Number of protein chains: 2
Amino acid sequence: MARPRAFDEGTALEAAMQRFWADGYAATSVRDLGAAMGLSQASVYNAFGAKRALFTRCLDHYLDANMRARIARLETTLPPRQAIEAFLHEIVERSLESRLGCLLANAALEVAPHDADIADVVAERMAELEGFFRRSVVAGQRDGSVSGTVDPIATAQLLLTTVMGLRVLARGYPQRSLLEGAARQALSVLGAPPTTTTPGNAP
Amino acid sequence: MARPRAFDEGTALEAAMQRFWADGYAATSVRDLGAAMGLSQASVYNAFGAKRALFTRCLDHYLDANMRARIARLETTLPPRQAIEAFLHEIVERSLESRLGCLLANAALEVAPHDADIADVVAERMAELEGFFRRSVVAGQRDGSVSGTVDPIATAQLLLTTVMGLRVLARGYPQRSLLEGAARQALSVLGAPPTTTTPGNAP
DNA sequence: GTTGATCTGGAGCGACCGCTACAGAATCCA
DNA sequence: TGGATTCTGTAGCGGTCGCTCCAGATCAAC
């Protein structure tokens with residue numbers, strides 16, 4: 001064919017994603033992105049096109065590597081209630097490790113209102129996360145780990161809202177007790193924690 | 001003294017705030033702000049100093065005119081549980097009226113991670129909102145409208161998180177059923193609705 | 001009316017923005 | 001080896017950025 005690329009596209013995409021994640025869309029210049037990727041500006045445009053196109057690639061990469069991977073891992077390895085609990089706990093831990101927050105939440109606030117295409121992606125992926133919570137609540141009600149009286153739809157909506165709220169607090173008010181308290185109280189709507197084999201203690 | 005200003009500072013501040021609110025910090029230029037305020041760029045600098053100083057003024061103005069005013073109004077005119085419910089319902093309604101979201105949440109995500117002073121303000125004001133929720137939960141437990149078994153601190157943390165989450169969804173996934181479901185489920189942690197004078201419809 | 005202080009807006013500073021033209025370097029197929 | 005084709009970096013395009021200078025306008029105090 002012709003001269004091959006001297007860089008790995010996935011690695012470069014990851015580096016660019018980190019920059020967008022840390023600094024936001026508007027505050028990250030294409031020169032910054034090129035430097036982070038180890039490429040000249042012209043190579044960035046040659047490989048990924050305009051800045052906006054690169055951002056959508058990064059957003060996709062983020063969602064695949066983080067949100068979707070987490071959902072798939074938890075949903076296949078844990079029973080439903082534990083999957084929900086683990087998801088929130090992981091969000092809390094990640095939020096305390098760094099103040100990056102969530103690229104999806106960042107994009108929702110900064111970019112989505114001014115870009116219909118990205119707004120569609122954002123809404124779609126949020127619906128995806130909402131769906132994970134809804135499936136898990138329903139499955140939890142089926143296996144008895146989640147109270148049968150709660151509304152799975154509203155509960156999934158609250159959990160989605162809680163995740164997004166935690167991501168905002170991660171950047172603006174990052175205190176462990178706050179994030180843990182909010183997560184714990186959100187989980188309380190699922191009803192009494194599963195008491196393994198011992199008989200339940202419902203009121 | 002000397003020549004008086006040809007504009008009202010409060011009005012100008014309000015106009016600038018609207019621009020920051022809609023477009024974010026980085027994407028709003030001082031020329032944009034001047035046009036919105038009806039001022040030349042030089043007058044903006046003469047009256048408000050640099051862009052960052054103007055933003056902090058706008059953030060203060062927003063918080064006084066919106067968050068603090070709402071807290072004060074609800075806390076003085078409604079019993080505690082109803083104040084909490086009204087706060088969330090107002091957030092949902094405002095979020096559905098426009099996709100602006102919340103300037104505090106926007107600032108928390110976009111500006112706070114890169115500006116320690118603004119981060120302090122953000123954390124302070126979030127703590128203020130958290131305090132309103134905590135006071136209201138405690139007062140509600142005292143007058144019997146809030147379940148006595150819930151932890152006021154964790155509940156206030158969840159409500160703060162919910163408000164921030166709702167503001168993210170307002171910009172990225174603005175559907176009435178979603179926002180209302182999340183708010184309703186968040187309020188469910190307060191326990192059974194109060195049996196006030198109006199006939200309740202508790203399940 | 002004069003003075004003195006403040007406000008106003010046009011012009012413009014250097015720097016950076018997103019983006020691209022272009023020439024050379026590197027690889028493939030023949 | 002010799003195109004053909006793709007990648008890469010330099011240089012630079014027009015435009016906008018945050019910010020400032022400065023001359024003139026406009027007021028209060030005298």
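Per chain, numbering begins at 1; letters A, B, ... match sequence-line order. This structure is a prediction, so every number in the text was calculated from the model and none was measured.
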Round to the nearest Å and state the distance from [X] atom [atom1] to [N] atom [atom2].
X: B/Lys51; N: D/dT20; atom1: NZ; atom2: C1'; result: 17 Å
X: A/Asn46; N: C/dA26; atom1: CG; atom2: C1'; result: 14 Å
X: A/Met37; N: D/dC7; atom1: CE; atom2: C1'; result: 15 Å
X: B/Phe48; N: C/dT8; atom1: CZ; atom2: C1'; result: 14 Å
X: A/Leu39; N: D/dG9; atom1: CG; atom2: P; result: 7 Å
X: B/Gln41; N: D/dC22; atom1: CD; atom2: P; result: 17 Å

Review point. Name the one of B/Leu160, B/Leu129, B/Ile153 that satisfies side-chain contact (heavy atoms from CB on, under 4.5 Å) with B/Arg134?
Key: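 Of all the options given, the one that passes is B/Ile153.
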
Check your understanding: Where along residues 24-34 of chain A does a heavy atom come under 4.0 Å from DNA chain C, residue by residue in number order?
Key ->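 Listed by number, they are A/Thr28, A/Ser29, A/Val30, A/Arg31.
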
Exercise for review: May I ask you to decide whether B/Glu75 forms a salt bridge with B/Arg68, counting only side-chain N to carboxylate O separations under 4.0 Å?
Suggested key: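 Looking at B/Glu75 and B/Arg68, the cut-off is not met.
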
Review point. Do B/Arg184 and B/Glu180 sit within salt-bridge range, that is, some charged N less than 4.0 Å from a carboxylate O?
Key: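 Judged by the 4.0 Å cut-off on N to carboxylate O distance, B/Arg184 and B/Glu180 do not form a salt bridge.
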
Point to revise | Within-4.5 Å side-chain heavy-atom neighbours: A/Leu74 and A/Glu85 | key: no

Practice item. For DNA chain D, determine which residues of residues 10-21 of chain A have any heavy atom closer than 4.0 angstrom to one of its atoms, and list them numerically. Key: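 Hits under 4.0 Å, by residue number: none.
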
Check your understanding: Base, sugar-phosphate alone, or nothing: which one does B/Ala50 contact when heavy atoms must sit under 4.0 Å apart?
Key ->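 Touches sugar-phosphate only.
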
Review point. Is the shortest side-chain N/O distance from A/Tyr45 to OP1 or OP2 of C/dC19 below 4.0 Å?
Key: yes

